[in-house]
Amino acid sequence: MLILPSQQTTTSMSAHLAQTMTLLGLTLGELQQKIDSELASNPALELMEERTCPMCQRPLPPRGPCPICSQPASSESQDPIVFISPREDFYTGSASSTGEVPEEPFVSESVDLPSYVLRQAAADLPTEDRVVAAYILTHLDEDGFLTTTALEVARYHHRLPSEITALIEKLKRYDPVGVCSANPIEAMLAQVEVLSEIMNVPAYTREVVSKYLHQMSQHHYSEIAHALMTSSQQIKKVAAFISENLNPFPARAHWGDVRSPNNNDSEVFHQPDILIYHHNENPANPLVVEIILPIRGTLRVNPLFKSSLKQMEPNKTEEWRSDIEKANLLIKCLQQRSNALKLLLEKLVVLQKDYILQGDLEMKPLTRAKIATMLDMHESTISRAVSSKTVQLPNKKIVPLAIFFDRSLSHRTLIKQIIEDEDHPLSDSEIQQLLKEQGIEIARRTVAKYRSMEGILPGNLRQSKNR
DNA sequence: CTATGGCACGGATT
DNA sequence: AATCCGTGCCATAG
């Protein structure tokens, strides 16, 4: 009895550190789960009601004025950045997967591909099909392709193969279009079908996609044209259509020269952990940085619980005491997590302000290690805090927080720009030369690598756009 | 012969 | 200690 308290404090100290570490590395969804389960299992933990600001409807910190409204729009004096944390958001229960389709542009909580598709599909499907659809959707690889076959699904669920194929065809039509296909060709065909309902699809597109994709990627237009008995002009139209509208890997962001900004799927599936935006959406206003917490209101140790501890029978106190310990620990760790994130972001936002405001070109090279020494934190702490988190920028794009440490992003976008502005296809070494004139010295090989990362064809295959 | 992509090495980063 | 990234070398295609 005499030893226990000290022992407890030491264990709780190390547990404290350990838990803070793990909390830092969690995604929003995981954190929410963690808190929910803790809330459910620990009677000492209490979730207080949130206070909302009467002006802007935002949740308030436990005490004090609203951090946004109290920040007058005019006083852009010295501190252009306001930090808010926490912010409630998307408090979805856990198991309401069917039913209402969310109409907000951002998917609530981090949703994986299967549930994302299922949400769209659920409303349209008869109940007996939903189960099968869910089953199918759990058999997808990271590209959104089926890892099983219609036949197997049919056998497993005792349904007719034809029913299953019909169902899969249906599923393919949901966003991302082509999901559940067996291979890229199928996926692209599905996309053609869907697109043909809303726009003109060049003739022969289906034939080319299903049979001549290989030649297409080699740019042997005339060959294909000959085989299909049409003009190579027509095939070029098809080529343009394909590269602009089709994505062979429905669940992946880009491939080859297919890359449209509004179709960056991988980013759609996250709910950002951090928001950066201008106050009232007005670019003249200061930037606001919000760190989102997955809960409404404030967590605390239930004071009633605490005070009644003394009046409890001694045989139960031990258990209760540990509950309180645990609750305290969790709260402490959460605070620390928020604090660490806040410190990190304060630095990060200042350092990468140009990027946040002006885009990819202005990304400064930065390493986690540098930030770590600046903040006097351990590198691994930064690493954990950065990984598996996403940020929504003022331009509404959601990017992984790790992008702030992408050394080559500015170079890549510069190359992209050079190629866009070229009037004559430049070779990689020519590009290297141009970059050198701008003071950027990188190897020719590296130019090639960046170029392909951006999904840009090599110079000799690009057609010159002489305007 | 030139331009590009693949492989792999070494140093930096995590 | 594991991983990522830039780069050099080499084979291949045009």
Side-chain angles (χ1 to χ4, degrees), chain A residues 17-18 20-27 142 213-224 232 239 243 248 252-259 266 273 337 340-341 343-345 347-348 351-352 355 360 363-391 399-416 418-419 422-436 438-464:
Chain A
L17 280 176
T20 309
M21 285 300 162
T22 48
L23 284 186
L24 249 188
L26 293 184
T27 63
E142 68 272 20
L213 221 48
H214 183 65
Q215 286 91 326
M216 205 59 164
S217 61
Q218 311 280 314
H219 295 255
H220 293 156
Y221 298 136
S222 48
E223 214 177 281
I224 305 171
S232 57
S243 76
R252 215 193 272 176
H254 55 83
W255 168 82
D257 43 2
V258 183
R259 184 166 213 201
S266 59
D273 300 82
R337 179 194 131 108
L341 273 177
L343 287 176
L344 170 63
L345 281 182
K347 268 280 178 293
L348 215 47
L351 289 174
Q352 298 287 19
Y355 162 74
D360 295 351
M363 177 66 72
K364 304 277 185 300
L366 184 65
T367 70
R368 294 159 173 78
K370 268 184 209 154
I371 284 269
T373 51
M374 292 176 75
L375 289 175
D376 218 14
M377 292 164 124
H378 198 16
E379 308 170 356
S380 65
T381 312
I382 307 289
S383 197
R384 284 175 176 284
V386 160
S387 67
S388 67
K389 295 209 177 38
T390 53
V391 190
V399 298
L401 188 55
I403 208 176
F404 284 82
F405 300 94
D406 189 327
R407 235 173 325 171
S408 58
L409 187 66
S410 64
H411 292 173
R412 293 207 307 268
T413 40
L414 191 53
I415 290 175
K416 202 160 58 171
I418 289 177
I419 292 177
E422 83 193 355
D423 52 287
H424 153 78
L426 296 165
S427 76
D428 287 344
S429 18
E430 283 171 311
I431 295 175
Q432 180 199 8
Q433 209 46 45
L434 281 174
L435 286 172
K436 200 170 179 179
Q438 301 199 27
I440 300 171
E441 295 207 30
I442 51 178
R444 176 237 108 213
R445 190 66 191 76
T446 310
V447 175
K449 207 155 200 174
Y450 287 169
R451 181 174 47 65
S452 68
M453 279 171 107
E454 291 300 327
I456 299 171
L457 287 169
N460 54 8
L461 296 181
R462 264 176 274 138
Q463 46 176 291
S464 70

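Protein chains get the first letters and strands the later ones, always in sequence-line order, with residue 1 at the start of each. Just so it is clear, the values below take in all heavy atoms, side chains as well, and ignore hydrogens, waters and symmetry mates.
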- Message: Reading DNA chain B from 5' onward, which residue's closest nucleotide shows up sooner: A:Lys449 or A:Asp428?
- Response: A:Asp428
- Message: Can you confirm whether the side chains of A:Glu430 and A:Ser427 place a donor and an acceptor under 3.5 Å from each other?
- Response: yes
- Message: With a cut-off of less than 4.0 Å, is there a side-chain N or O of A:Arg368 near OP1 or OP2 of B:dT13?
- Response: no
- Closest to the A:Ser383 side chain: B:dT4, B:dT14, C:dG8? B:dT14
- Task: Take the protein atom OH of A:Tyr450 and the nucleotide atom C1' of B:dT4, then report the distance between them rounded to whole Å.
- Result: 17 Å
- Rounded distance in Å - CD1 (A:Ile456) to C1' (B:dG5): 16 Å
- Message: Quick test of your reading of the model: are A:Arg412 and A:Glu454 salt-bridged, counting only N-O distances below 4.0 Å?
- Response: yes
- Message: Using every non-hydrogen atom in the two residues, find where A:Ala385 and A:Leu344 come nearest and quote the distance to one decimal.
- Response: CB-CD2, 3.8 Å
- Message: For A:Asp406 and A:Asn460, find the nucleotide of DNA chain C closest to each by heavy atoms; which residue's nucleotide sits nearer the 5' end?
- Response: A:Asp406
- Send over the distance from A:His411 NE2 to C:dG6 C1', rounded to a whole Å. 12 Å
- Query: A:Ile403 has an atom CD1; how far is it from atom C1' of C:dC4, in whole Å?
  - Reply: 16 Å
- Which nucleotide in B:dG5, B:dT13, B:dA3 has an atom nearest any side-chain atom of A:Thr367: B:dT13
- To the nearest angstrom, how far is A:Arg407 atom CZ from B:dT14 atom C1'? 11 Å
- Item | A:Val399 vs A:Tyr355 side-chain heavy atoms within contact, under 4.5 Å | yes
- Item | Rounded distance in Å - CZ (A:Phe404) to C1' (B:dT13) | 19 Å
- Query: When you check the phosphate oxygens OP1 and OP2 of C:dT7, does a side-chain N or O of A:Thr446 lie under 4.0 Å from one of them?
  - Reply: yes
- Message: I need the CZ-C1' distance between A:Arg445 and C:dC5, as an integer number of Å.
- Response: 12 Å
- Gap between atoms CD1 and P, on A:Ile371 and B:dT13 respectively (whole Å): 14 Å
- How is A:Ser387 classified with respect to the nucleic acid when contacts are heavy atoms under 4.0 Å: base, sugar-phosphate, or nothing? nothing
- For the side chain of A:Ile442, counting heavy atoms from C-beta on, which of B:dG5, C:dT7, B:dA3 is nearest? C:dT7
- Taking side chain as C-beta onward, heavy atoms only, is A:Ile371 less than 4.5 Å from A:Leu348? yes
- Item | Heavy-atom donor-acceptor pair, A:Arg412 side-chain to C:dG6 base, under 3.5 Å | no
- Message: Checking contacts here: which listed nucleotide (B:dT14, C:dG8, B:dG5) is nearest the side-chain heavy atoms of A:Arg444?
- Response: B:dG5
